[in-house]
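Working notes, structure below.
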Amino acid sequence: MPNLRIADLLATPPLDATCSVNGWVRTRRDSKGGFSFIEINDGSCMANLQVIADAGLPNYETAVAKLHPGSAIRATGVLTGSEGQEQAVEMKAAEIHVYGFCDILSYPLQKQRVSLERLREAAHLRVRTNTFGAVARVRNILSFATHRFFQERQFLYLNTPIITCSDCEGAGQMFRVSTLDPDKPPRDKQGNVDYSQDFFSEAASLTVSGQLEAEAYACGASRVYTFGPTFRAENSNTPRHLAEFWMVEPEVAFCDLAGDVDLAEEYLKYLFKAVLDECEEDLAFFNKRIDKTVIETLSHIVDTPFHRLPYTEAIELLGKADADFEFPVSWGIDLQTEHERYLTETAFSQPVAVTDYPRTLKPFYMRCNDDGKTVAAMDVLLPKIGEIIGGSQREERLDVLLERMHELDMDEDEYSWYVDLRRFGSVPHAGFGLGFERVVQFATGMANIRDVIPFPRTPHNARF
RNA sequence: UCCGGCAUAGCUCAGCGGUAGAGUAGGUGGCUGUUAACCACUUGGUCGUUGGUUCGAAUCCAACUGCCGGAGCCA
């Protein structure tokens, strides 16, 4: 007798066949007509399976009547058409096996609505709710679509190190990795902590980006991408930031900035199309309960070309804008949230790729443009959540790169291996980084990034 | 980190100086191919923590902790 996933069972119901279904009870409604309705969910899809448990079952009084939301059971029986209006098929149970009861008084998930904030405190159980089950499935589809997109284009999947001694200049505060005694670390003659005695013989941290290593592999394997965890010790307390998040970073040799923007656009559209095509039921739920515009927004993005806009033109446009900005606009400023939202929501209502930022705003590795003032950078901005992709063409000219590093007073020795890439067969190359959770946020309409990663890490919170 | 708000029953919230409330969940009984089931009764709380003001504090004040919204930093 087959064990069936509820998703498969509902997709092609094997009517009048006997089968088993495992899952967790969502609700039980008793009928004194001599049976109970039990709805079970196994996480395979949004829908529950309604199981009819007759009072004649040998364990009806001892077990079935004590089932509450959260209990884990196996129901075995015959699938039939349902007499009720809310579901097409249901199971007439011949046997209900209880794997584990659930004490409803202490169970955090209630039958009535539980707030997203409360569910964050029960992150180990929240996947059992409609919302978080759907988020988990959409996230899974987006992960798989990411690999499919790059694999179909002959990109090499690259695993870059989590522990690193280089800091990808300017990407953010880093978490220190050390085995030294935190209470009394060894000191050098100046009184500073002596990391030469540490595990790696130098100060090590969790990575803030795999980009530099990805560049190394791109300069040999031609097209690579990373997809892994990234760590930022910034004290950022917003619905768009995590201390630990997942980043997708493609890096392409023989590619310029225009090719980089094209790749970003193609990739984002591929992701959103995958969700629209493969998560219909979950998306309908988000569209109804979370954000009534999410399907429309995703469809619009899939069908609309991204707007490409050089920074200098963006500044001119914002300067002429009929809007009351808190931060005044002038050439050289970094775009603020309000400016980004104006561009994506008011000026264009479509994704905008802003290119060629002032060099003073951007890190050392971005390629200097001929105007001497800007670099070949690009940020892809989406309505509502802002920057989702940041990328650039990399500086492949040895002399220009070194000059830039000196300008920023960087330690050349520390980056010698990175500079080597410009010594030994340097090529034009470009890449970008995409915040994976922000894509999940955008695709689901979830307002808080803490609700699109199973166990969020944020300032003051590394529970679970 | 800055600005603002919030913290009361398992959950969602009301009460805003004078003995702690509702809905819902749980329990008991009734009724029913039900589906946010329904009807009656009922269990359940040191009002986030610490200090202060007051005859008296859930209520006013301060600090702390956590959460939420906005901003900065960024993906």
Side-chain angles (χ1 to χ4, degrees), chain A residues 26-39 47-54 65-66 68-70 80-87 90 92 102-122 129-130 168 170-173 208-211 229-249 264 325-327 334-341 361-363 379-382 385-391 432-442 447-453 456 458-461 463:
Chain A
R26 283 293 177 84
T27 72
R28 189 195 85 230
R29 296 178 293 273
D30 295 333
S31 165
K32 283 291 174 349
F35 49 90
S36 293
F37 300 96
I38 304 168
E39 286 196 42
N48 303 325
L49 177 68
Q50 176 164 283
V51 174
I52 314 300
D54 194 272
K66 292 178 179 153
H68 290 295
T80 63
S82 175
E83 295 171 33
Q85 299 299 308
E86 303 292 318
Q87 59 281 316
E90 64 190 19
K92 297 267 193 297
C102 178
D103 174 25
I104 194 60
L105 283 178
S106 49
Y107 190 51
L109 309 183
Q110 303 290 323
K111 236 165 91 176
Q112 72 269 33
R113 191 185 157 276
V114 178
S115 67
L116 295 174
E117 293 80 14
R118 170 76 187 116
L119 287 172
R120 263 169 235 155
E121 294 165 17
T129 65
N130 285 336
C168 204
Q173 290 290 341
V208 291
S209 167
Q211 181 200 312
T230 307
F231 308 87
R232 303 273 167 94
E234 299 289 352
N235 192 5
S236 294
N237 226 309
T238 86
R240 301 184 303 280
H241 289 86
L242 292 165
E244 177 181 291
F245 64 99
W246 286 65
M247 192 148 67
V248 178
E249 296 181 286
F325 293 129
E326 185 189 340
F327 293 86
D334 210 350
L335 297 184
Q336 304 296 314
T337 299
E338 57 180 350
H339 305 140
E340 296 180 351
R341 291 191 69 146
L361 296 177
K362 295 294 183 182
D379 285 353
V380 177
L381 312 177
L382 291 186
I385 64 168
E387 185 178 345
I388 196 164
I389 281 177
F432 62 79
L434 166 133
F436 187 66
E437 281 75 18
R438 291 191 181 170
V439 171
V440 183
Q441 260 191 289
F442 197 79
N448 196 309
I449 201 166
R450 295 158 201 223
D451 297 329
V452 298
I453 187 167
T458 52
H460 310 297
N461 177 32
R463 212 184 147 213

NA contact type, A:L242, heavy-atom cut-off 4.0 Å: base, sugar-phosphate, or nothing?
base
Using a 4.0 Å heavy-atom cut-off, does A:E338 contact any base of the nucleic acid, only the sugar-phosphate backbone, or nothing at all?
nothing
side-chain N/O A:R29 vs B:A37 OP1/OP2, d < 4.0 Å
yes
Between B:C13 and B:U1 - P atom distance, rounded Å
27 Å
Could you go through A:L242 and A:T458, starting from their C-alpha distance and side-chain angles, then the distance that decides it, and tell me whether this counts as side chain to side chain contact (heavy atoms under 4.5 Å, CB included)?
CA-CA 5 Å; A:L242 292 165; A:T458 52; 3.8 Å; yes
Would you indicate what A:T238 reaches in the nucleic acid, counting non-hydrogen atoms under 4.0 angstrom: base, sugar-phosphate, or nothing?
base
I need the minimum non-hydrogen distance between A:N461 and A:R463, along with the two atoms involved.
OD1-N, 3.2 Å
Rounded distance in Å between the P positions of B:A36 and B:C74:
49 Å
Students often get this wrong, so: under 4.0 angstrom with heavy atoms, is A:R26 touching a base, only sugar-phosphate, or nothing?
nothing
Polar side-chain contact A:K92-B:G33 base: donor and acceptor under 3.5 Å:
yes
Atom CG of A:L49 and atom CZ of A:R26: how far apart are they, to the nearest 0.5 Å?
12.5 Å
Among B:U35, B:A71, B:G33, find the nucleotide with the atom closest to the side chain of A:E39.
B:U35
Nucleotides 7-10 of chain B: which of its N/O atoms have a protein N/O under 3.5 Å away?
from: B:G10; atom 1: N2; to: A:Q112; atom 2: NE2; distance (Å): 2.5

With a non-hydrogen cut-off below 4.0 angstrom, is A:T230 in contact with a base, only sugar-phosphate, or nothing?
nothing
Do the non-hydrogen side-chain atoms of A:E86 and A:N48 ever get within less than 4.5 Å of each other?
no
By the 4.0 Å heavy-atom rule, please label A:E83 as base, sugar-phosphate, or nothing.
base
Quantified in whole Å, what is the P atom distance between nucleotide B:A62 and nucleotide B:C67?
22 Å
Roughly how far apart, to the nearest Å, are B:C61 and B:U54 at atom P?
16 Å
Side chains of A:R232 and A:T230: any donor to acceptor distance under 3.5 Å?
no
Take A:Y107 and A:I104 through the test side chain to side chain contact (heavy atoms under 4.5 Å, CB included) and record every step on the way to the result.
CA-CA 5 Å; A:Y107 190 51; A:I104 194 60; 4.2 Å; yes
Nearest-angstrom distance, P atom, B:U42 to B:U24:
15 Å
Could you check A:R438 against A:L382 for side chain to side chain contact (heavy atoms under 4.5 Å, CB included), going step by step and ending with a plain yes or no?
CA-CA 10 Å; A:R438 291 191 181 170; A:L382 291 186; over 6 Å; no
Looking only at side-chain N and O atoms, does A:S31 come under 4.0 Å of OP1 or OP2 in B:U34?
no
The answer to which of A:E90 and A:P69 contacts RNA chain B further toward the 5' end, by nearest nucleotide, is A:P69
Taking the P atom of each, how far is B:U43 from B:G52, in whole Å?
36 Å
Heavy-atom closest contact (A:S82 atom, A:Q87 atom, distance)
OG-NE2, 3.1 Å
Quick one: A:N235 CG to B:A71 C1', roughly how many Å, whole number?
13 Å
When all nucleic acid strands are considered with a 4.0 Å heavy-atom cut-off, which category describes A:N237: base, sugar-phosphate, or nothing?
base
Would you say A:Q441 reaches B:A75's phosphate, i.e. side-chain N/O to OP1/OP2 under 4.0 Å?
no
Roughly how far apart, to the nearest Å, are B:A9 and B:G45 at atom C1'?
5 Å
Calculate, to the nearest 0.5 Å, the distance between atoms CD and CZ belonging to A:E249 and A:F432 respectively.
10.0 Å
Using OP1 and OP2 only, check whether a side-chain N or O of A:H460 sits under 4.0 Å from B:G66.
yes
Atom CG of A:L335 and atom P of B:A71: how far apart are they, to the nearest Å?
15 Å
Separation of A:H339 atom NE2 from B:G72 atom P, in whole Å?
9 Å
Students often get this wrong, so: under 4.0 angstrom with heavy atoms, is A:E86 touching a base, only sugar-phosphate, or nothing?
base
Give RNA chain B the dot-bracket treatment, 5' to 3': Watson-Crick (N1-N3 with N6-O4 or O6-N4) or G-U (N1-O2, O6-N3) under 3.5 Å, [ ] crossing, | other strand.
(((((((..((((....[..)))).(((((.......))))).....(((((..]....))))))))))))....
Please classify the nucleic acid contact of A:Q336 as base, sugar-phosphate, or nothing, using heavy-atom distances under 4.0 Å.
sugar-phosphate
Mind calculating the distance between CG (A:D54) and P (B:U34) to the nearest angstrom?
16 Å
Please determine, for the side chain of A:R120, which listed nucleotide (B:A75, B:C68, B:G33) has the closest atom?
B:C68
Output yes if the stacking criterion (under 5.5 Å between centres, under 30° between planes) is met for A:F245 over the base of B:A75, else no.
yes
Side-chain donor/acceptor contact of A:S236 with base of B:C73 under 3.5 Å:
yes
Of the candidate nucleotides B:U35, B:C67, B:C73, which contains the atom at the shortest distance from the side chain of A:Q87?
B:U35
Do the non-hydrogen side-chain atoms of A:R29 and A:Q50 ever get within less than 4.5 Å of each other?
yes
Between A:R450 and B:C68, is there a side-chain N or O to OP1/OP2 distance below 4.0 Å?
yes
Between A:L119 and A:T129, does the side chain to side chain contact (heavy atoms under 4.5 Å, CB included) criterion hold? Intermediate values first, please.
CA-CA 9 Å; A:L119 287 172; A:T129 65; 4.1 Å; yes
When all nucleic acid strands are considered with a 4.0 Å heavy-atom cut-off, which category describes A:E244: base, sugar-phosphate, or nothing?
nothing
Looking across every strand, which nucleic acid part, if any, lies under 4.0 Å from A:E326 by heavy atom: base, sugar-phosphate, or nothing?
nothing
Closest to the 5' end of RNA chain B, once A:T458 and A:G390 are matched to their nearest nucleotides, is A:T458
Hey, are the side chains of A:S209 and A:M247 touching, using non-hydrogen atoms and a 4.5 Å cut-off?
yes
Hey, does A:L434 reach any base, or is it just sugar-phosphate, or nothing, if we go heavy atoms under 4.0 Å?
nothing
Using the C1' atom in both, what is the distance from B:A57 to B:U46, to the nearest Å?
14 Å
Interatomic distance, A:Q173 CD vs B:G72 C1' [rounded to whole Å]
14 Å
Tell me: NE2 of A:H241 to P of B:G70, nearest whole Å?
12 Å
Counting C-beta onward and ignoring hydrogens, is there a side-chain heavy-atom pair between A:E234 and A:H241 closer than 4.5 Å?
no
Rounded to the nearest angstrom, tell me the gap between atom CD in A:E340 and atom C1' in B:A71.
13 Å
Using a heavy-atom cut-off of 4.0 Å across all strands, would you classify A:F436 as base, sugar-phosphate, or nothing?
nothing
If I take atom CD1 in residue A:I38 and atom P in nucleotide B:U34, what distance separates them, rounded to the nearest angstrom?
17 Å
With rounding to the nearest 0.5 angstrom, report the CD to CZ distance, A:Q336 to A:R341.
14.0 Å
